[in-house]
Amino acid sequence: MRCRIHTLPSITLQALVLIVYPFFHRIKRGVFTLQLFDTNQFQQDLLAWYRSEKRDLPWRRENDPYRIWVSEIMLQQTKVDTVIPYYERFMNDFPTLQALAEAPEEKVLKAWEGLGYYSRARNLHAAVKEVQSHYGGRVPDSEKEIHQLKGVGPYTAGAVLSIAYQVPAPAVDGNVMRVLSRLFSMYDDITKASTRKMFEEIIRDIISEEDPSSFNQALMELGAVICTPTSPGCLLCPVADHCRASAEGVQELLPVKPKKKAPKTVHLQSLVLSSEDAVLVEKRPEKGLLANLWQFPMLADGEPEAMWTNYAKQRDGTVRNLTYVAHIRHVFSHLVWEIDVYKAEGSISSPEERQAWMTEAQMDEAAFPVSHQKIREEVQSSSSDR
DNA sequence: TATGCGTGGAT
DNA sequence: TATCCAAGCAT
């Protein structure tokens, strides 16, 4: 029997582990977490490492809850290196909670342009206004109140509370789940909310009451720098002695996370319609994909000449010299846009509510998604070629 | 609980 | 080139 198992393909062995594991993990965790895990020594080792090795990041140089909050929103699903320049500009544009609360949404979206997940910016803006009007401009320091703010979920609530106010609340993000999965050799699917809650309970058991800010940040830092998704640096890890996955040699198998589905493809056409020194743009719907960002008119793929002629006609306008410019592919996390780009001259007498003619200078002040930045560049290079 | 929501970089 | 991923949240 033992021989047969050793000759099984490793994929089968993994599958076996995944099937059998859920029935035993709660018992194992009880034994391991509470009895064999040396919490005090773990805290000491982790915090000593963090205090000597932590990266010097802009939001670590200050303790303003507003600034911590902004950094945490920007860091959602976004790498540190990407965030830094955005954070610096944002703090320059909106140095205080009051400044952001009083800013027009256009400016906020423009500051967020290119960062993605734009509802983060609109939710942050709304939440900051809420804090300004309802909490007298002070970011709330209770779990219940801060969690009610738009865009503040369980992770961000815990992060702001612990980092800005030293409240011993868990801040369980992807890093922390990866680290804990390995630390206790847990095969639970980390995409499930129930798993995140389990990790939050574990953190409540092992968090440093003296310095919850450093403890939470240290776990994330460890995940980002040492305990990485692929080829983790166990030889450099300050808490390798505490790590069950490392002892078992299974660190590369963890955490468990199901594969994502392939994104769907949509075929579209976009028209850059020029009149004098302006082009026609429209503001996207206020909900959903790229909400409230600007774009060039875009329609489902079809016969170009008829489609755009009809488009203009419906708005009491004309289109002439319709010319193919380029093909753009833009990949979202859940969607692929395949866009045929056209340009033309023309006019529209009856633009719709959310349409406008913009000059280049005006477009520089409006927020466009990256897909439409690409279109702008293609059209510009197509006209400068001649 | 499952899915929609961006982008750029690493492997 | 394809896939995955990164300090998640809303619905």
Side-chain angles (χ1 to χ4, degrees), chain A residues 54-55 57-60 68-87 109 112-124 126-127 146-164 170-179 189-197 199-200 203 213 215-225 227-231 252 255 257-266 284-293 295 329-337 367-374:
Chain A
K54 67 179 175 185
R55 291 169 292 176
L57 304 175
W59 45 90
R60 284 183 178 162
I68 302 297
W69 181 11
V70 171
S71 75
E72 290 302 337
I73 299 296
M74 285 189 171
L75 285 162
Q76 289 171 6
Q77 301 289 285
T78 311
K79 286 199 173 10
V80 164
D81 289 346
T82 303
V83 165
I84 289 174
Y86 279 90
Y87 179 82
L109 283 176
W112 213 269
E113 184 183 66
L115 196 52
Y117 286 146
Y118 299 96
S119 66
R120 290 184 296 175
R122 294 183 303 115
N123 285 337
L124 173 64
I146 200 168
H147 194 293
Q148 285 172 357
L149 297 170
K150 283 188 182 176
V152 179
Y155 163 74
T156 306
V160 174
L161 288 176
S162 62
I163 297 171
V172 175
D173 71 335
N175 284 314
V176 173
M177 290 197 284
R178 183 171 58 256
V179 169
D189 177 354
I190 64 166
T191 65
K192 292 186 180 299
S194 57
T195 303
R196 195 207 69 237
K197 287 177 185 170
F199 284 138
E200 285 171 353
I203 293 296
S213 167
F215 183 88
N216 280 341
Q217 291 187 78
L219 280 181
M220 293 188 272
E221 187 88 349
L222 188 68
V225 176
C227 196
T228 47
T230 59
S231 40
E252 298 273 10
K257 201 175 179 179
K259 286 182 183 175
K260 285 180 199 166
K261 287 187 283 187
K264 290 183 179 177
T265 299
V266 181
R284 291 181 57 84
E286 56 185 39
K287 291 196 172 187
L289 182 66
L290 307 172
N292 282 356
L293 270 67
Q295 66 176 16
R329 168 178 296 172
H330 190 77
V331 180
F332 299 91
S333 49
H334 61 301
L335 187 68
V336 179
W337 275 356
F368 287 79
V370 169
S371 49
H372 282 254
Q373 304 279 11
K374 290 184 192 170

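Heavy-atom basis, side chains included; hydrogens, waters and symmetry copies ignored. Proteins come first, then strands; the chains are lettered A, B, ... in the order of their sequence lines, and each starts at number 1.
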How about A:Q217 and A:R60: do any of their side-chain heavy atoms sit closer than 4.5 Å?
-> yes
Considering only side-chain heavy atoms of A:F332, which listed nucleotide, B:dC5, C:dA6, B:dT7, is closest?
-> B:dT7
Write down the distance between NE2 (A:H334) and C1' (C:dA6), rounded to a whole number of angstrom.
-> 17 Å
What does A:L290 touch in the nucleic acid at a heavy-atom separation under 4.0 angstrom: a base, only the sugar-phosphate, or nothing?
-> sugar-phosphate
Round to a whole Å and report the spacing from OH of A:Y86 to P of B:dG6.
-> 13 Å
Is A:S71 touching bases, backbone alone, or none of the nucleic acid, heavy atoms closer than 4.0 Å?
-> nothing
In whole angstroms, how far is the P atom of B:dG4 from the NZ atom of A:K260?
-> 13 Å
NA contact type, A:G223, heavy-atom cut-off 4.0 Å: base, sugar-phosphate, or nothing?
-> nothing
So what does A:R284 touch, heavy atoms closer than 4.0 Å: a base, only the sugar-phosphate, or nothing?
-> nothing
Compare the minimum distances between each of C:dG8, B:dA2, B:dG8 and the side chain of A:K79, then state the nucleotide with the smallest one.
-> B:dG8
Can you check whether any acceptor in the base of B:dG8 is under 3.5 Å from a donor in the side chain of A:T82, or vice versa?
-> no
Rounded to whole angstrom units, what separation is found between the CD atom of A:Q77 and the C1' atom of B:dC5?
-> 10 Å
Check every strand shown and say whether A:V176 touches a base, only sugar-phosphate, or nothing at a heavy-atom separation below 4.0 Å.
-> nothing
Does A:T230 or A:K264 map to a spot on DNA chain B nearer the 5' end, using the closest nucleotide for each?
-> A:K264
Rounded to whole angstrom units, what separation is found between the CG atom of A:L109 and the C1' atom of B:dC5?
-> 14 Å
With rounding to whole Å, what would you report as the distance between B:dT1 and C:dG8 at their C1' atoms?
-> 16 Å
Judged by atom type as modelled, is there a donor-acceptor pair below 3.5 Å linking the side chain of A:E221 to the main-chain atoms of A:R55?
-> yes
Testing B:dT11, B:dG6, B:dG8 for proximity to the side chain of A:R120, the answer is B:dG6
Given C:dC5, B:dT1, C:dC9, the nucleotide with the shortest approach to the side chain of A:P154 = C:dC9
Describe the nucleic acid contact of A:W112 in one word from base, sugar-phosphate, nothing, applying a heavy-atom distance below 4.0 Å.
-> nothing
For the side chain of A:P369, counting heavy atoms from C-beta on, which of B:dT1, C:dG8, B:dT7 is nearest?
-> B:dT7
Comparing nearest nucleotides in DNA chain B, the 5'-proximal residue of the pair A:A193, A:S119 is A:A193
Taking only side-chain nitrogens and oxygens of A:H330, does any of them come within less than 4.0 Å of OP1 or OP2 of B:dT7?
-> yes
In Å, rounded to the nearest 0.5 Å, how long is the span from CZ of A:R178 to NZ of A:K257?
-> 8.0 Å
What integer distance in Å separates A:L149:CG from C:dC9:C1'?
-> 13 Å
Let me know, please, whether A:K287 or A:I163 comes out on the 5' side of the other along DNA chain C by nearest nucleotide.
-> A:I163
Side-chain-base donor-acceptor pair under 3.5 Å for A:T78 and B:dG6 | yes
Distance in Å, A:I73 CD1 paired with A:L115 CG, rounded so as to fall on 0.5 Å steps = 11.0 Å
Under 4.0 Å between any heavy atoms, over every strand shown, what does A:R329 touch: base, sugar-phosphate, or nothing? Just pick one.
-> nothing
Would you kindly give the OH-to-P distance between A:Y117 and B:dG8, to the nearest whole Å?
-> 13 Å
Using the six-membered ring wherever Trp is involved, compare the ring planes of A:F332 and A:W337 and label them parallel, tilted or perpendicular (cut-offs 30° and 60°).
-> perpendicular
Could you tell me the separation between the CZ atom of A:R196 and the P atom of C:dA10, rounded to a whole number of Å?
-> 11 Å
Same-atom distance (P) from B:dT3 to C:dC4, integer angstrom = 16 Å
Just how far is it from atom CH2 of A:W69 to atom CD1 of A:I163, taken to the nearest 0.5 Å?
-> 14.5 Å
Is there side-chain contact between A:P258 and A:D189, with heavy atoms separated by less than 4.5 Å?
-> yes
Could you give the distance separating B:dC5 and C:dA6 at their C1' atoms, to the nearest angstrom?
-> 15 Å
